[in-house]
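So the structure is just underneath, and the comments pick up after that.
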Amino acid sequence: MEELDKLRGEIDRLDSQLVRVLEQRLGLVEEVLKIKRREGLPIYHPQREQEVVAKVAELVENKAYEKTIGEIYLEIMKASKRLQSAQLVPFNIVLMGFMGTGKTSIGKYLSQLMEMELVDIDELLVSRMNMSINKIFEIYGEEYFRGLETTAIEEVSQRSNLIISCGGGVVLNPRNIEALRETGRVIWLKAQPETLYQRLQEDDSRPLLKNNLTISYINALLTERWAKYEAAADFTVDTDTSSIEEISKMIIHRLTKD
Ligand code: S3P
C-alpha cells in the first residue's frame with residue numbers, strides 16, 4: 001500500500017533524527033559525568049532526574065501523549081544512568097558482612113540509585129529451592145546450604161554490572177571469595193555485636209541465631225569470622241550509626257574515587 005509505505009518512510013526518517021539526538025544526549029551525559037568526577041561532585045542526583053521528567057512533561061503539546069512521553073523519558077533516564085554506572089563502576093559491587101549489617105537494604109537502595117541489577121544470593125536460593133533459608137537448613141542441613149551458596153556465587157560472579165548481596169557466611173569458603181573478587185569489589189559492612197543484636201531482635205529468619213540470639217553469641221561468631229572478612233574486603237564501611245543513604249554515599253565515594 002502506497003499510503004502505508006509513505007507513513008513508514010516518515011517514521012524511518014524521524015527515527016534517524018531521534019537516534020542522532022539520543023547520541024548527542026548520551027554524549028552530553030558522559031561529559032557531565034566527567035566534570036562531576038573531576039570536581040568531586042555527587043554523581044547520582046535523583047532530584048535532578050525528577051526535574052528533567054517534569055520539564056519534559058511541560059513541553060508536550062498534545063496532552064494525549066503526555067503519559068507515554070513521560071514513560072519514554074523515564075526509560076531514557078534509567079538507560080543513561082546504567083551507562084554512567086557501567087563506566088563509573090566497571091565491576092560488580094559485592095556487599096559482605098555479618099547478618100544484620102544491612103546488606104540487603106543497602107543493596108536495594110544502591111540498585112535503585114545506580115540503576116544496577118541487584119542479586120541477593122539468599123533470595124536466589126530461596127527461589128531456586130522454593131523454601132525459606134530456615135527450611136533449607138532444617139531439611140538439608142548447613143553443609144548442603146553452603147554447597148548451594150557456592151554454586152550460586154560462582155554462577156553470579158561470572159556476570160557483570162551487578163550489585164551482589166551475600167549471606168553472612170560467604171567468607172567460610174575461600175572459593176566464594178575468590179570468585180567474587182575476580183569480577184567485583186568486596187565491601188565489608190561492619191557493625192558492633194550490640195547493634196546487630198538490636199537489629200536482629202524481631203527477626204527469626206536466621207537459622208544460626210535461632211535460640212542463640214544473645215550479644216555474646218553474636219560476638220563469638222563475629223570474632224570467629226573477623227579475620228576472614230578482613231582478608232576478603234577491598235574496603236570497610238561502619239554501619240552502626242549511619243543511615244542507609246549515608247552508607248550508600250560512602251560506598252559510591254570509595255568506589256569511584258580512583
Ligand atoms: C548466614 C547468613 C544469612 C544466611 C544464612 C547463614 C551466616 O544471610 O545466608 O542464614 O552464616 O551468617 P544474611 O547475612 O543475609 O542474614
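Counting convention: from 1, in listed order, for ligands and their atoms alike.
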Glu23 atom CD, over 12 foreign heavy atoms within 6.0 Å | yes
Is it true that Glu3 and Lys6 make a salt bridge, defined as a side-chain N closer than 4.0 Å to a carboxylate O?
-> no
With sequence neighbours left out, which residue pairs that include part of residues 97-109 fulfil the side chain to side chain donor-acceptor pair (under 3.5 Å) condition?
-> Thr104-Asp120
Atom NZ of Lys249 with >12 non-hydrogen neighbours under 6.0 angstrom | no
Per-ligand residue contacts, ligand 1, heavy-atom threshold under 4.0 Å = Met99, Lys103, Asp122, Ile133, Phe145, Arg146, Gly167, Gly168, Gly169, Arg206, Pro207, Leu208, Arg225
Has Glu194 got more than 12 heavy atoms of other residues, nucleotides or ligands less than 6.0 Å from its CD?
-> yes
Short N-O contact, Arg175 and Glu178, less than 4.0 angstrom = no
